[in-house]
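Data first, discussion second: the structure below is written as structure tokens.
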Amino acid sequence: MNIGVIVFPGSNCDHDCEHVFKDVLAQNVTMVWHKEKSLVGLDGVILPGGFSYGDYLRTGAIARFSPVMSAIKEFAKSGGLVMGVCNGFQILLEAGLLPGAMLRNRSLHFVCKDVHVRVENAATPFTGACKPGQVLKIPIAHAEGNYYTDPVMLAGLQANAQIVFRYCTPDGRVTLEANPNGSLDNIAGIRSAEGNVLGMMPHPERSAEELMGNEDGRLIFTSMLESLRNRPLKMVGA
Amino acid sequence: MKAKIHVTLKQGILDPQGKAIEHALDSLGFKNAANVRVGKYMELDVSETDKAKAEAQVKSMCEKLLANTIIEEYRYELV
Amino acid sequence: MKAKIHVTLKQGILDPQGKAIEHALDSLGFKNAANVRVGKYMELDVSETDKAKAEAQVKSMCEKLLANTIIEEYRYELV
Amino acid sequence: MNTNTADIKDLLAQHNLTEDEFKKIVDILGREPNLTELGMFSVMWSEHCSYKSSRVHLKKLPTTGPRVVQGPGENAGAVDIGDGLCVVFKMESHNHPSFIEPYQGAATGVGGILRDVFTMGARPIALLDSLRFGSLDSAKNRHLMRGVVAGIAGYGNCMGVPTVGGEVRFDDIYSLNPLVNAFCLGVAHKDKIFLGTAAGVGNPVIYFGSKTGRDGIHGATMASDAFDDDSDQKRPTVQVGDPFQEKLLLEACLELMANDLLVGIQDMGAAGLTSSSCEMASRAGNGMELDLTHVPRREPGMTPYELMLSESQERMLMVAQAGKEEECIRICRKWDLDVAVVGKVTSDGLLRVIDQGRVVAEIPAKSLADDGPRYERPYSPPPYQEMLTNLNYDSMPDVKDANAALLSVLASPTIASKRWVYEQYDHMVRTNTLVRPGSDAAVVRIKGTNKAVAMTVDCNGRYCLLHPYEGTRLAVAEAARNLVCSGAEPIGLTDCLNFGNPERPDIMWQFVLAIEGLKDACEHFQIPIVSGNVSFYNETNGLSIYPTPMLGMVGLIDKAEQAMTQWFRHDEDAIILLGKTRDDLGGSEYLKVMQHREQGSPPLLNLETEKALQDFVLTVIREGLVESAHDCSDGGLAVALAECCVSGPDVRRGAVVKLELGALRRDALLFGESSSRVILSMRPDTVEALLSRAADAGIPAGRIGTVGGDRFIIDVAKGRLNEGCRIDLPIDRVWDRWAHALEEQLRHE
Ligand SMILES: Nc1ncnc2c1ncn2[C@@H]1O[C@H](COP(=O)(O)OP(=O)(O)O)[C@@H](O)[C@H]1O
Ligand SMILES: [Mg+2]
């Protein structure tokens, strides 16, 4: 597969995503500068973590105007797989590709640590290799991961199984103490209504190798690759 | 013309920063401060002499960039 | 009484946030926006009826906590 | 300068120059300097930039070795790690700015050290920070600590460079002079190191990065200036950092370097445009002409004086190959940086500054950069030194309630878990962090190889106060021990020497002894010092900090999977203690916490014993005999054992330990800080082999207990002179105290 990793000024997990796809999963990776206007030839797209535009004003607020974002919208509209991790998730929210907004962490601190998330929907292109309800240990590293949306939208997310990951205890209970940032309904990741766009705060690329002592995050990437292999042909290079 | 823009969290949205400041004020001995809310204040120059046009522009800046209307509201004045 | 407090960077102090926003506005086509400066805006209730006393308190809050007077300046009004 | 004598005196005082130094300037120029020139001399000849009090002593340090690619003198040092790669690292202080404005002071400290490393052509892959604060009982100290930690986080996280380790210690002496030292390490190709040199007459000099504002003018002189109660007045000199801009600068630099366009490059740190230009010219034996008209500015009306002295952050100066200007400019623009050709390399050795067609300064570059004054300042021990080391053991009651004592020492913020700090740092970005903060040293793999590097920062200032020579040797030993316990061979060292006012003979004495200790220990361990920094004048109202020669040591692990951690890993594993325990309570954390004394002689250190121990530990780790290894130092044996039990990432494990008291005191056995000791854990079936190996190597070793259970038990049998005692606590209680003490003390408001 040919996976595009979008590079915004200030992205800093771009090399990490590249490393996982290229060196761990032996895929082709194209680094896509944010001024590109086309995504032709790509099978899937990752918006990596980092501090695009320094996170000034609001996280993701400025990056969403990068020229590449129109191409990403087109790509998503035509069914292409788009995944935003951390800052990438924040950008997808600001760009309206996913619903809701991020508030500052309840603690007001940046927090970097392992957390556990429960797979709430294992029938997405990004979680196919997981079992429903499976608990994954994946690190977070953010200051604004406190997901918010209004009650109507939240009910919609719940009803459409758009909540993909929830913060939980190691044994899979969704509790207040397991919530590292105050996120509504312990939401750690959501998908679009159509299902082909995913945003998640935890960093699966940080737990995708044996040497790092944790391979849980790798499931997300292998799920993605698997569903790309199985997709109907018409979507190629959309 | 100078635009003065206030962007604040919508009513009903929890403001952890405001809460933290309230708490800090309290422990500094300012017991009678309450309901602290924190927002952003921005100033910028608009090189436009027609007030109506300038207003339209600033409104559009707010809608597009300066505020996230899912969680924030904004107001502005031009001087 | 409600205090409305503006905290802004002192003249001459670098405002990286303002710079980034200006750049973004420019690339959004708002070519005539310039000198963007970003500050904080805070509102809080002071349970004090004597205006002079309330003022003294708010000033002291600003000095002690709300503004970092090394790089920021503040102003407030009471309503 | 058309000024009368009184005015000159004033001017010199404002610029921290002596009359002799002024005379020397007049000699060099053959005339009186104008104000811009005076300003340039004053920053370059400040203690901070010229090392005028320390240079004669720093010369004694060992700086060479088979692995050394670049020793002191450049932006950072470089050490060969094989595979055509080297690690580039350095440590730097930002103490004074952080006291004035903790967030920005600490943030710009991180920014500065990152630039030092990436100007050498290395991509930064790890940061560490070493911090000293006064007691957290004071609101001011809590405020300082919160601000400093947030500032380090704010800058490092945004840059995408993980902060993988560090050190925080507390002592009231640092209340008015907190220490903020930042360490950065990067990786570069050995044959692609870039230096700060202005070679090639006629080559263009290009400015890039942020615009120049009035930030930090006099910053360099301020860093060489003790505080007094007027320090508030100096506040406008605070610089504000923009990590986003620095991230762009980093990527632009690495792209410029990959494209073979540069002759030399240097960041604009302290003394900004002045230092970068004159140092680059001087290194190449050339001159440089700068035309200020082209310098990008943030504010109107800036004078040549201000432009030359500004310390605006995130700026660089490069000398490009002639004809490659356009390509350089294109790359800078791609990264949205300000960029301008501001001058050229000349042959006359002069730094000539032009503004609006007028020469506003003309000074031999070498005289600014290298011919600053050098002082052999007098030194002698302070009269109180003997009182400090004098500790009468007989007058001190031995520990009675060992449970309570352990819990108190674990709750001391110097000992307690630093999780509150390092969780605010992104310590995993770049996906190399094999050993995260929380073990003896951090371990970061080098992608593209099987190797990893281990890093630690260490210094016990209390030991250094009690005996600067011994204290510094102990710091070297501890740093190396931390690396070895992580499975790494020490290969290089950077230092950051924080001291008081060098014009005082007692402070200078501390400094000279510390250098001697550093030299002796490094020579013995054969660890070269490849970079460093001196921070003097850490005193307020005449009160100096403890001598704090902070060390940042780097080690190499040939097989990344052999990286070792400090925590127990399996129930039933045997616990082994290597090394000998003596009556070493002098300068211990226990004495400070339980008896409020900072007194005595620091623990005895024998370099041969230490080296033998370290060689042994490294060998058995590499042979796979060991499940965990932990250096035993602050807080002594009881604390180190407790850390082995509770510092692991997912689970806490109990332990049952039995100790022989022999002729020792109970408190010395449990909490004394004898050096050259390590705690290992291993599968029970390998114990015998290990013990016989240790005996062969002449290392004292014995099995002291077993991992497992839900209690932390240390049984101390009756000794020849003293009664025994027992620590017996639920392991969760031990954990809770250690894990949450710091947070609780910070949560006051
Ligand atoms: N300021 C800090 N930043 C990051 N990590 C820190 C900091 N202070 C302490 N740590 C981490 O906490 C652990 C314990 O620190 P310390 O007690 O100083 O270790 P040691 O005594 O082994 O040198 C180490 O892994 C260290 O890297
Ligand atoms: Mg240690």
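Every chain is numbered from 1 and lettered A, B, ... according to where its sequence line falls, protein lines coming before strand lines.
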>> Is it the case that atom CE in A/Met153 sees more than 12 heavy atoms from other parts of the structure closer than 6.0 Å?
In response: no
> If contact means a heavy atom pair closer than 4.5 Å, which residues of residues 21-32 of chain C contact chain A?
Replying inline: C/Ile21, C/Ala24, C/Leu28
> Who passes ring-ring contact (aromatic ring centres under 6.0 Å, His included) against C/Tyr41, sequence neighbours left out?
Replying inline: B/His6, C/His6
>> I need the A/Asp55 CG to C/Gln17 CD distance, nearest 0.5 Å.
In response: 10.0 Å
>> By the ring pair (Phe, Tyr, Trp, His ring centres under 6.0 Å) test, which pairs, at least two apart or in different chains, include something from residues 89-117 of chain A?
In response: A/His109-D/Trp420
>> Does atom NZ (C/Lys2) have a neighbourhood of more than 12 heavy atoms from anything else shown, all under 6.0 Å?
In response: yes
>> Using the ring-ring contact (aromatic ring centres under 6.0 Å, His included) criterion, which residues pair with A/Tyr53? Sequence neighbours excluded.
In response: D/Phe244
